[in-house]
Amino acid sequence: MRTLETLIGGKWVTTGAWIDVHDPADLRAPVARVPALSAADVTAAYDHAERGFALWRRTSPFERARIMTDAARLLRERVAEIADDVVTEMGKTRAEATGETLKAADFLEYYAGLSRQGYGALVHDVRPGTRTHHQREPLGVVLAITPWNDPLITPARKLAPCLAAGNAAVLKPATDTPRSALHLARALHDAGLPAGVLNVVTGRGADVSEALLGDPRLTAVTFTGSNEVGETLRAALAHTNVRFQGELGGKNATVVLADADLGAAAEAVAAAGFAQAGQRCTATSRVIVERSVYAEFTALLLAETAALRVGPGLAPSTTMGPLVSARQRDGVLLAVERAVEQGATLLAGGGRPADASLGHGCYVSPTVLGHVAPDLDIWREEVFGPVVALCAVDSFDEAVEAVNDSVFGLAAAVFTRDLGAALRFADLAECGQIAVNTTTSGWDVHHPFGGFRDSGSPFKEQGEEGLRFYTRVKTVAVHFGG
């Protein structure tokens, strides 16, 4: 078992308390341990972040870009080691973990490029002899709370624009998957990030939450995770001037119209529903199919599902790994059991794999449920596992209505050969991300990303839009006479 240190004030430190990290493919023994920081350690992290911000905000944007670009290079050089650690703490396949590592490097490079640009614009002034502009400035110390499902790319998605804009950060990675975030921190540290600009709090939420949220130097919180925790954070910050960004839950739908390429649609639904064992915020979990092609599409989707190979992420033959923890596995299995009790038809999966060699892991067979009525819990509640629910409709309008009949609004897709139907769907679907003839997942670093309704806050992530959250606007008027 490896013992790891965490980054506080530019130094790699340990404490006398530890958090064990387990491989969800085999829970019998921990694979690593990280420091379990205390509330006092959090206060020290903010002390260092305050000093780090004072330096970093005055650091040349070109130097910031150099450091972030060098960190991206280090991630790519270390991709094999990092990917294996992502696999053995989260459960992804090696291919998925490799892709995540390279995409994290993309985020650093992308925002390094944007950091070279000025943030603001020249504006007209009615006063004679006056030149006015507005400029964007960093906020200060930002708290980033990141989830276990994308343990490397989500910290990169948040830290890259945060640091590019000149802020300092306190990063709280998920307790289940802290090693991935520590790889990102080490790459930034090794690339020359000044002490205190990034501090990583590995700790249990019950021990550090109050200190993380209550520090007077905190200016913004960016969070990705469950609606329950998101609402708790929003409530805790409601009476403060601390800015909040939340990327929360989803119940993403794919619509398959009668004129669609059904084979391509089935392949895309399987990819979006079962990749990463369904543990993605943009995973397809609802499939709305025109009734005339429902049976044919279902058969194609079941064939795609049967072709999946469940197993440890490091095994070359594996195409779907385990869920992150026994807690997550058991919650998914309970949701499927409840769906069947409520009237859904179990078409595939629904339990743990029969292979005895997988008995010590957190596996759930890829599951397809048919004839799911809109009032079933499985149709409305986020499951966050390899479960796809099917529903038949009679028209385009009914399909759009079914997509929008949700408290969530993150991602939706439509499969059709009709350009008019595709464009109407893009206009009518109440979601932040719309896909046509492709998966609900797979948004790139320069694509603004975020949901509507209960799927998140108004602040988007990614792209140039992602910088808005991490900056404030100052307007400057200069009277030069005349």
Side-chain angles (χ1 to χ4, degrees), residues 103 106-107 110-111 114 144-147 149-150 153-154 156-158 160-162 220-231 233-234 243-255 268-269 271-273 275-276 278-288 379-384 399-416 421-471:
K103 190 64 70 175
D106 288 347
F107 270 108
Y110 174 76
Y111 282 104
L114 289 187
I145 305 174
T146 58
N149 66 312
D150 287 317
I153 199 172
T154 305
R157 176 186 290 122
K158 296 178 183 298
C162 175
V221 175
T222 175
F223 167 76
T224 297
S226 71
N227 285 75
E228 180 183 5
V229 175
E231 290 307 312
L233 293 172
R234 202 193 307 266
R243 189 176 293 190
F244 176 73
Q245 177 186 61
E247 200 274 282
L248 308 176
K251 195 66 183 174
N252 310 301
T254 291
V255 171
V269 167
Q276 213 167 294
Q279 298 170 114
R280 292 193 291 193
C281 58
T282 53
T284 290
S285 58
R286 297 185 295 153
V287 186
I288 300 157
W379 190 259
R380 299 198 162 274
E381 298 175 2
E382 186 174 43
V383 176
F384 225 62
V400 172
E401 183 180 354
V403 169
N404 292 338
D405 185 20
S406 174
V407 298
F408 300 110
L410 182 53
V414 64
F415 281 79
T416 180
L423 295 176
R424 287 173 58 210
F425 183 85
D427 287 343
L428 295 173
E430 293 289 328
C431 297
Q433 315 298 125
I434 302 296
V436 177
N437 293 332
T438 188
T439 61
T440 52
S441 55
W443 305 94
D444 210 345
V445 298
H446 57 289
H447 298 158
F449 179 85
F452 300 160
R453 300 175 173 177
D454 287 358
S455 286
S457 66
F459 289 105
K460 287 273 191 177
E461 295 192 291
Q462 303 187 178
E464 291 187 38
E465 191 72 21
L467 285 167
R468 294 182 182 274
F469 176 73
Y470 297 99
T471 56

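Because the structure is predicted, anything quoted here is derived from the model rather than measured.
In this structure, the side chain of Arg286 engages the main chain of Val403 through a donor-acceptor pair within 3.5 Å. Within the 3.5 Å criterion, the main-chain N or O of Thr416 finds a donor-acceptor partner in the side chain of Asn437. Gln433 contributes no side-chain N or O that, together with a main-chain N or O of Thr440, makes up a donor-acceptor pair within less than 3.5 Å. The main-chain N or O of Ser441 is never found under 3.5 Å from a side-chain atom of Asn252 such that the two would form a donor-acceptor pair. At least one donor-acceptor pair under 3.5 Å links the side chain of Gln276 to the backbone N or O of Asn149. No donor-acceptor pair closer than 3.5 Å links the side chain of Gln245 to the backbone N or O of Val221. No donor-acceptor pair under 3.5 Å is formed between the side chain of Gln279 and the backbone N or O of Phe384.
Scored by the salt bridge (charged side-chain N to carboxylate O under 4.0 Å, His left out) test, Lys251 finds no partners at all (sequence neighbours excluded). Under the salt bridge (charged side-chain N to carboxylate O under 4.0 Å, His left out) criterion, Glu401 pairs with no residue, sequence neighbours left out.
Using bins of under 30°, 30° to 60° and over 60° for the plane-to-plane angle, the ring pair Trp443/His447 lands in the perpendicular bin.
One finds the CZ atom of Arg280 at 12.0 Å from the CG atom of Leu410 (value rounded to the nearest 0.5 Å). Considering CG of Asn404 and SG of Cys431, their distance stands at 6.5 Å, rounded to 0.5 Å. To the nearest 0.5 Å, the span separating OG1 on Thr224 from CD1 on Ile153 amounts to 11.0 Å. Considering CG of Leu233 and OG1 of Thr222, their distance stands at 10.5 Å, rounded to 0.5 Å. His446 NE2 to Asp106 CG: the interatomic distance, rounded to the nearest 0.5 Å, is 10.5 Å. Rounding to the nearest 0.5 Å places CG of Leu423 at 12.0 Å from CD1 of Ile434.
For the pair Pro161 and Tyr470, the tightest heavy-atom approach, listed with the atom from each and the gap, is CG-CE1, 3.6 Å. Contact record, Phe107 with Ala156: CB-O, 4.0 Å, taken as the closest heavy-atom pair. Across Val287 and Trp379, no two heavy atoms sit closer than the pair O-CH2, 3.9 Å. Of all non-hydrogen atoms in Ala413 and Phe425, the two that sit nearest each other are O-CZ, 3.7 Å. Pairing each heavy atom of Phe408 with each of Ser455, the nearest pair is CB-OG, 3.4 Å. Looking at every heavy atom in both residues, Glu382 comes nearest to Gly250 through OE2-N, 3.1 Å.
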* In sequence, state the C-alpha distance, the side-chain angles, and the governing distance for Val445 and Tyr111, and then conclude on side-chain contact (heavy atoms from CB on, under 4.5 Å). => CA-CA 9 Å; Val445 298; Tyr111 282 104; 5.9 Å; no
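Paired with Phe459 under the rule side-chain contact (heavy atoms from CB on, under 4.5 Å), one option of Glu247, Glu465, Arg243 passes, and it is Arg243.
Here salt bridge (charged side-chain N to carboxylate O under 4.0 Å, His left out) pairs that include residues 452-463, with residues two or more places apart or in two chains, are Lys158-Glu461.
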